[in-house]
Amino acid sequence: MSTSNRILLRGARSADTDLILTPEALNFLADLHDRFAGPRHVRLWARQESRATIDNGRNLNFLPETAAIRADPTWRVAGPGPGLEDRRVEITGPIDPKLAINALNSGAKVWLADLEDATSPTWANIIGGQATLYRAIRGTLDHVDPATGRRYTVGDSTPTIVLRPRGWHLVERHLSLTDPAGMRVPAVGALVDAGLYLFHNAHALIAAGRGPYLYLPKLENHLEARLWNEVFEYTEAALGLEPGTIRATVLIETIGAAFEMEEILYELREHCAGLNAGRWDYIFSLIKTHRERGVRFVLPDRALVTMDVPFLRDYSNLLVATCHRRGASAIGGMSAFIPSRHDPVANERAFAAVRADKAREAAAGFDGTWVAHPGLVSIARAEFDAVLGSRPDQRSRLRPDVSVSASDLLNLDGLTGEVTEAGVRGNIRAAVHYLESWLRGRGAVAIDNLMEDAATAEIARAQLWQWVRYRVRTSSGETISPALIREGIAAEVGAGSALPGNRFAEAAALIEESVLGEEFPTFITLSAYRQYLVEEVPLAAIEA
C-alpha cells in the first residue's frame with residue numbers, strides 16, 4: 001500500500017463510520033485525492049488572484065477567449081437524467097434521519113440532500129448524512145424520536161435525490177491524507193462528500209430507475225466546472241458506469257459564475273442537467289467580490305434586496321435564457337419565508353410571499369423551484385402547475401426577449417431603499433443566532449419566520465461589515481459604528497445566555513471579528529469550523 005493511500009481518521013468511530021468508511025471506499029477516496037487535490041489547489045489559488053485584480057479595479061465581463069463557445073448554436077447539454085424530467089418543486093434541507101424522512105414524504109419531485117449550506121459540518125453530521133442516504137436509497141431508513149417515541153418511516157412515493165456536496169473551498173479535517181510532497185493535509189470536503197456518495201450509491205440508484213445526481217455549489221468560473229467534469233469522468237470509469245451517467249446541476253451563486261454560465265454548461269455538457277439561481281449566496285458574492293470598491297456596492301436592508309430589483313432580475317432572466325438555449329433545466333431559488341405554527345398572521349404572510357415568488361419564477365420560464373419546508377410544497381407546486389400544466393418543463397421557451405449586458409449584471413442603480421436601525425438589528429440577530437446554532441450542529445435554523453442557512457447568515461454579516469466600513473447612516477441619521485454593532489451583539493448574547501448548552505459567547509466573538517476586523521473573511525464558517533467543530537480525538541490509521 002503506497003503512502004499516499006493511507007488515510008487517518010480524527011473523527012469518532014461509530015456504526016455509521018463502519019458502514020461508510022469501508023476499505024474499498026477509502027481506497028477510492030485516496031485515488032480521487034491523488035488525482036484531483038492538486039488541481040483543486042490550483043483553482044483555489046486562481047480565485048485569490050482574481051479577487052486581487054477586482055480589488056484593484058478590474059470589472060467582471062463576459063470572457064473574450066470563450067466567445068466562440070457562446071456563439072456556437074449547435075451544442076447542447078445532456079439534460080435531465082431518469083427521475084429528473086419533472087423538477088417543478090424541489091425541497092432542500094439537512095440529512096439527519098427525521099428531516100430526511102420528512103423531505104422524502106413531502107410530495108416534492110426532488111430532494112436536495114444538503115451537506116453544504118444547510119449542514120453544520122460536524123463529523124457526526126457529515127458521516128451520519130452519508131449513512132442516512134445509504135439507508136434511504138436502499139429502503140431501510142426509519143427513525144424513532146427519542147423525546148416523543150414517535151416513529152418516522154418513508155412512504156412509497158419519494159422524490160429523486162440530488163446530493164449537494166461541499167464547495168471546492170472547504171476541507172474535511174476529520175480525514176487526512178499524505179500529499180505527493182509527503183505533507184499530511186486535510187481531505188477535500190467536495191471529494192469526500194461526492195466520492196463516498198457516488199461510490200456507495202451510484203449502482204443502487206441506477207437499479208432503482210434514477211441515477212447519481214449532484215448539485216455543485218460555489219463555482220466561480222468554468223475552469224472549476226471543468227475540474228468537476230474530470231472527476232465525473234474518472235469516477236464513471238472507476239465504478240464501471242456508462243459515460244454521462246452522473247448528472248450535475250450547478251448553482252449559479254457567485255457573481256463570477258454569472259458571467260460564465262454558458263461556459264459552465266459547455267464544460268459539463270455530457271454530465272449537465274441544469275443551473276439553479278442560488279440567490280442568497282449570489283447577493284453575498286456580489287458584496288464580497290466588490291467589498292473594496294466603495295459605496296457603489298453598498299446595499300440597503302436585506303429585506304429590500306428582492307428578485308424584482310434590476311440586477312437580480314437580469315441575472316435570473318439570463319439564467320433561464322442560457323439554460324433553455326442549451327437544453328438545460330433552469331431551477332429557481334429558495335424563498336426564505338417559512339410557515340409558523342403559532343402565528344396565523346405570520347403564516348399567511350409567509351404563504352403569500354412564497355406564492356408571489358414562485359409565480360414570478362414560473363412566469364419567467366423557470367422549470368422548477370426550491371422550498372425549505374414541507375408545508376410549502378403544495379403552494380409552490382400550484383404556481384408551477386398553473387403554468388406547466390401536464391408538461392414536465394418549459395425548456396422549449398427560449399426567451400429571445402432577454403438581452404443582458406455585463407453592466408446590467410453589476411447595475412445597482414435601480415435598487416432603492418435605506419438602511420434602517422431595524423435592518424441593522426435584524427442582521428445582527430440573524431448572524432449571531434444562526435452561528436450559535438451552527439456551532440451546536442444545526443445548519444438550517446428558523447429565525448423570525450425565516451429559514452436562515454449559511455448563505456443568508458453570510459449576507460447579514462457581510463452587510464454589517466460593509467455598513468461599518470463605509471460609515472453608512474441609518475434612515476434615522478445614526479452612523480453604523482463598531483460601538484453600535486457591539487451593543488447589538490451584546491443584546492443578542494444577553495437574551496440567549498440563560499439557555500443551557502448555548503454557544504452565544506463563541507458566536508459573538510466570531511461575528512464581531514468578521515464584522516469589525518480590517519480583513520473580510522471569505523467565509524465566516526472557515527474559522528468557526530477550524531476552531532470549534534474539529535473533534536480532538538486520537539488519530540486512528542485506516543488502511544485504504
Side-chain angles (χ1 to χ4, degrees), residues 279-281 283-284 286-288 291 295 297-306 309 335-338 340 342-343 345-347 349-350 353 372 415-440 442-499 502-517 520-521 524-525 528:
R279 62 179 74 170
W280 304 118
D281 270 301
I283 296 169
F284 169 56
L286 176 85
I287 299 171
K288 176 172 65 174
R291 66 195 182 281
V295 296
F297 291 97
V298 173
L299 302 181
D301 280 3
R302 180 166 60 126
L304 300 175
V305 188
T306 69
V309 303
S335 173
F337 292 94
I338 56 173
S340 170
H342 311 294
D343 187 341
V345 174
N347 204 44
R349 188 165 57 242
L415 186 59
T416 59
E418 297 178 294
V419 178
T420 67
E421 183 177 346
V424 175
R425 297 289 184 180
N427 275 359
I428 292 172
R429 177 172 169 78
V432 171
H433 282 260
Y434 175 78
L435 195 56
E436 191 276 333
S437 292
W438 188 91
L439 291 171
R440 287 188 290 109
R442 294 179 60 214
V445 187
I447 303 173
D448 297 334
N449 297 316
L450 297 175
M451 182 59 74
E452 307 283 8
D453 65 8
T456 54
E458 291 284 24
I459 296 173
R461 68 93 179 177
Q463 284 196 301
L464 294 170
W465 185 93
Q466 194 180 49
W467 295 341
V468 171
R469 175 68 174 270
Y470 293 106
R471 298 184 59 79
V472 171
R473 289 182 178 271
T474 67
S475 57
S476 61
E478 184 173 12
T479 298
I480 302 173
S481 64
L484 181 65
I485 300 298
R486 291 190 180 99
E487 176 188 325
I489 292 174
E492 297 301 334
V493 172
S497 60
L499 297 174
N502 78 82
R503 307 292 296 273
F504 279 105
E506 298 98 321
L510 288 162
I511 295 299
E512 184 170 330
E513 178 185 357
S514 72
V515 170
L516 302 182
F520 182 94
I524 191 174
T525 51

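Because the structure is a prediction, the values reported are computed rather than measured. Nothing fancy with the numbering, it's 1 onward along the sequence.
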- Message: I'd like to know if R461 and E513 make a salt bridge, using a cut-off of under 4.0 Å between side-chain N and carboxylate O.
- Response: no
- Message: Can you give me the closest heavy-atom contact between L516 and P482, atom names plus distance?
- Response: CD2-CA, 3.8 Å
- Message: If you define the side chain from C-beta out and look only at heavy atoms, does anything of Q466 sit under 4.5 Å from V472?
- Response: no
- Item | Set of side chain to side chain contact (heavy atoms under 4.5 Å, CB included) partners for E506, sequence neighbours left out | L439, R503, Y532
- Give a yes or no answer on whether the side chain of S481 reaches the backbone of L484 with a donor-acceptor pair at less than 3.5 Å. yes
- Item | Check: Y434 side chain, A444 main-chain N or O, donor-acceptor pair, under 3.5 Å | no
- Task: Using a 4.5 Å cut-off on heavy atoms from C-beta on, say whether the side chain of V445 contacts that of H433.
- Result: no
- Query: About how many Å separate CD1 of I428 and CD of Q463, when rounded to the nearest 0.5 Å?
  - Reply: 12.0 Å
- Task: Of all the heavy-atom pairs spanning G423 and T420, show the shortest one and how long it is.
- Result: N-OG1, 2.9 Å
- Heavy atoms only: give me the nearest R302-A430 pair and the separation to one decimal. NH2-CB, 3.6 Å
- Task: Grab the two heavy atoms, one from N449 and one from A346, that are nearest each other, plus how far apart they are.
- Result: ND2-CB, 3.4 Å
- Query: Do the side chains of K288 and I459 get nearer than 4.5 Å, heavy atoms only?
  - Reply: no
- Query: For A455, what residues pass the side chain to side chain contact (heavy atoms under 4.5 Å, CB included) criterion, not counting sequence neighbours?
  - Reply: D117, W280, D281, D453
- Task: Indicate yes or no for a side-chain donor-acceptor contact from N427 to the backbone of L464 under 3.5 Å, with no hydrogens or angles considered.
- Result: no
- Note on the structure: On a heavy-atom basis, the closest approach of F504 and S497 is CD1-N, 4.4 Å
- Message: Using only atom types and a distance under 3.5 Å, with no angle test, would you say the side chain of E418 pairs donor to acceptor with the backbone of P300?
- Response: no
- Query: Looking at side-chain heavy atoms only, is the closest gap between L304 and L415 below 4.5 Å?
  - Reply: no
- Task: Determine whether more than 12 heavy atoms belonging to other residues, nucleotides or ligands lie under 6.0 Å from atom CZ of F337.
- Result: no
- Could you check T474 against S476 for side chain to side chain donor-acceptor pair (under 3.5 Å), going step by step and ending with a plain yes or no? CA-CA 5 Å; T474 67; S476 61; 2.9 Å; yes
- Item | Pairing residues for R473 by the salt bridge (charged side-chain N to carboxylate O under 4.0 Å, His left out) criterion, not counting sequence neighbours | none
- Query: For the side chain of D343 and the backbone of S340, is there at least one donor-acceptor N/O pair under 3.5 Å apart?
  - Reply: no
- Query: Do you know the tightest heavy-atom contact between I447 and R429?
  - Reply: CG2-NE, 4.0 Å
- Give, for atom CG of D301 and atom OG of S475, the distance between the pair rounded to the nearest 0.5 Å. 7.5 Å
- Task: Compare all side-chain heavy atoms of L450 with those of T456 and state whether any distance is below 4.5 angstrom.
- Result: no
- Message: Within the 4.5 Å heavy-atom criterion, are E512 and R486 side-chain neighbours or not?
- Response: yes
- Query: Quick one: are W465 and I287 in side-chain contact, heavy atoms under 4.5 Å?
  - Reply: no
